[in-house]
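What follows is one structure encoded as structure tokens, with my remarks underneath.
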Amino acid sequence: MIIKEYVKARKVELKDLIAKMDRKPTLVIVQINDDPASNAYVKGKLKDSAELGVEAKLIKLPESTTEKELLKLVGKLNKNKKLDGFLVQMPLPKHINEDTIKLAISPEKDVDGFHPLSKLNPCTPQGIMNYLKAENVELKGKNAVVIGRSNIVGKPMAKMLLAESSNVTVLHSKTTRPDFERYIANADIIVVATGKQGILDESYKYKDSAVIVDVGINRDETGLHGDAVPNLPVRLQTPVPGGVGLLTRLALMENLLKLHK
Ligand code: NAP
């Protein structure tokens, strides 16, 4: 199914579910960075919330906010019993340590699923897993290759694929070209999350039956591009834009509903 249609259909289900709730799910987004990408992500999250009937509020702080001030706000939000979940939009200004903030958010309110003790998964790999399952992509005993090993995408993705009994290999910037070729040629599922445009191209051999999930977001004057060049000779390749970004947004709403429960 085209991702846009899958997301649209799932949103209708979530909206119906929320409409029947006595107490609507509540979300707070804390934003400090005022860059265009962060503004676009926050706008998308607020739009999804409004569409689904989630009560969402944006707290926008100046870039001069100190780590201490942000920690104080996080502490206050952690204690707010009326609030189901909140997130602090990343990236943060250089003078604030992102890990300190991620660890300060209570796992019970951590809608992003970034805290090591959170019962939720980070939204991007969770959204991808939900989609692969909806698409009936066979995972058990299949060769999955994850390219990239970040804490918010690559590592949790590998862990989640392993939990589905895939044979998981994680490639990264130190992987050699011959190894890349070998693993990609044998891959049934490839999740690429590097932020390097065109890292997957026609120079590799792919299984006809392979599924490529393109997480990458690379911006230039012509628009948004993934890490893979479009139209590779595989069974399914997720587009950029209109792909994993939408799945991530949907997973945020799904995570919030889990916290609401
Ligand atoms: P990150 O923290 O910068 O991690 C990038 C990973 O890619 C690192 O593990 C790095 O390897 C690896 N890498 C870099 N160059 C490589 C190369 N030439 N060959 C193989 N591996 C290479 O990035 P991230 O946060 O995971 O995000 C990755 C991309 O996904 C970015 O474009 C980001 O914007 C996008 N993203 C999209 C969404 C969405 O919703 N669509 C969500 C999150 C992220 P080393 O560890 O060896 O350095």
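Below, all heavy atoms of this structure are taken into account, side chains as well, without hydrogens, waters or symmetry copies. Every number for a ligand or one of its atoms is a count from 1 in the order of the listing.
- Closest to atom 33 (C) of ligand 1 among all protein heavy atoms lies I217 N, 4.3 Å.
- Among C123, P91, G243, G148, the residue whose heavy atom sits closest to atom 12 (C) of ligand 1 is G148.
- In this structure, the side chain of D227 engages the main chain of K196 through a donor-acceptor pair within 3.5 Å.
- A cation-pi arrangement, defined by a distance under 6.0 Å to the six-membered ring centre and an angle within 45 degrees of its axis, is absent between K109 and F86.
- In this structure, T175 has no heavy atom closer than 4.0 Å to ligand 1.
- Atom OG of S203 is separated from atom CD of E181 by 7.0 Å, given to the nearest 0.5 angstrom.
- Salt-bridge formation is not detected for the pair E108/K119: no Lys NZ or Arg NE/NH1/NH2 atom is positioned less than 4.0 Å from an Asp or Glu carboxylate oxygen.
- In summary, K142 and E164 do not engage in a salt bridge, as defined by a charged side-chain N under 4.0 Å from a carboxylate O.
- Of all protein heavy atoms, the one lying nearest to atom 7 (O) of ligand 1 is T194 CA, 3.4 Å.
- Interface atoms of ligand 1 facing A193, defined by a heavy-atom separation under 4.0 Å, are 5 (C), 6 (C), 7 (O), 28 (C).
- Listed by number with element, the atoms of ligand 1 under 4.0 Å from a non-hydrogen atom of I199 are 17 (C), 18 (N), 19 (N), 20 (C).
- Scanning the protein for heavy atoms near atom 47 (O) of ligand 1, the closest one is S173 OG, 2.5 Å.
- Here the protein heavy atom with the shortest distance to atom 37 (C) of ligand 1 is V215 O, 3.1 Å.
- Listed by atom number, the atoms of ligand 1 under 4.0 Å from V153 heavy atoms are 26 (O), 43 (C), 44 (C).
- With a 4.0 Å heavy-atom cut-off, ligand 1 is reached by the side chain of F180 but not by its N, CA, C or O.
- Proximity of K196 to ligand 1, defined as any heavy-atom pair under 4.0 Å, is confined to the side chain (atoms from C-beta onward).
- Ion pairing between D112 and K102 fails under the 4.0 Å rule for side-chain N and carboxylate O.
- For atom 29 (C) of ligand 1, the closest non-hydrogen atom on the protein side is G195 N, 3.6 Å.
- The shortest separation from a heavy atom of L171 to ligand 1 is not under 4.0 Å, leaving the residue out of contact.
- Under a cutoff of 6.0 Å and an axis angle of 45°, R177 and Y204 form a cation-pi pair.
- With ligand atoms numbered from 1 in the order given, ligand 1 contributes 40 (O), 41 (N) to contacts under 4.0 Å with heavy atoms of G245.
- Near T248, meaning under 4.0 Å from any of its heavy atoms, are these atoms of ligand 1: 39 (C), 40 (O).
- A side-chain donor-acceptor contact under 3.5 Å links S49 to the backbone of K45.
- Atoms of ligand 1 lying under 4.0 Å from at least one heavy atom of S150, given by number and element, are 2 (O), 4 (O), 9 (O), 24 (P), 25 (O), 26 (O).
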Side-chain donor-acceptor contacts of residues 183-192 below 3.5 Å, not counting sequence neighbours, with atom names and distances?
| from | atom 1 | to | atom 2 | distance (Å) |
| --- | --- | --- | --- | --- |
| N186 | ND2 | R182 | O | 3.3 |
| D188 | OD1 | K207 | NZ | 2.9 |
| D188 | OD2 | N143 | N | 2.8 |

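- When hydrogens are left out, the protein atom nearest atom 46 (O) of ligand 1 is R149 NE, 2.7 Å; that is the closest non-hydrogen contact.
- Applying the ring pair (Phe, Tyr, Trp, His ring centres under 6.0 Å) test to Y206 and every residue at least two apart in sequence or in another chain returns nothing.
- You'll find the side chain of L92 reaches within 4.5 Å of the side chain of I101, heavy atoms only.
- With respect to atom 42 (C) of ligand 1, the closest heavy atom belonging to the protein is T124 OG1, 3.2 Å.
- Distance screen at 4.0 Å: atom 40 (O) of ligand 1 has a protein heavy-atom neighbour inside the cut-off.
- Panel note: side chain D84, backbone L256; no donor-acceptor pair is recorded below 3.5 Å.
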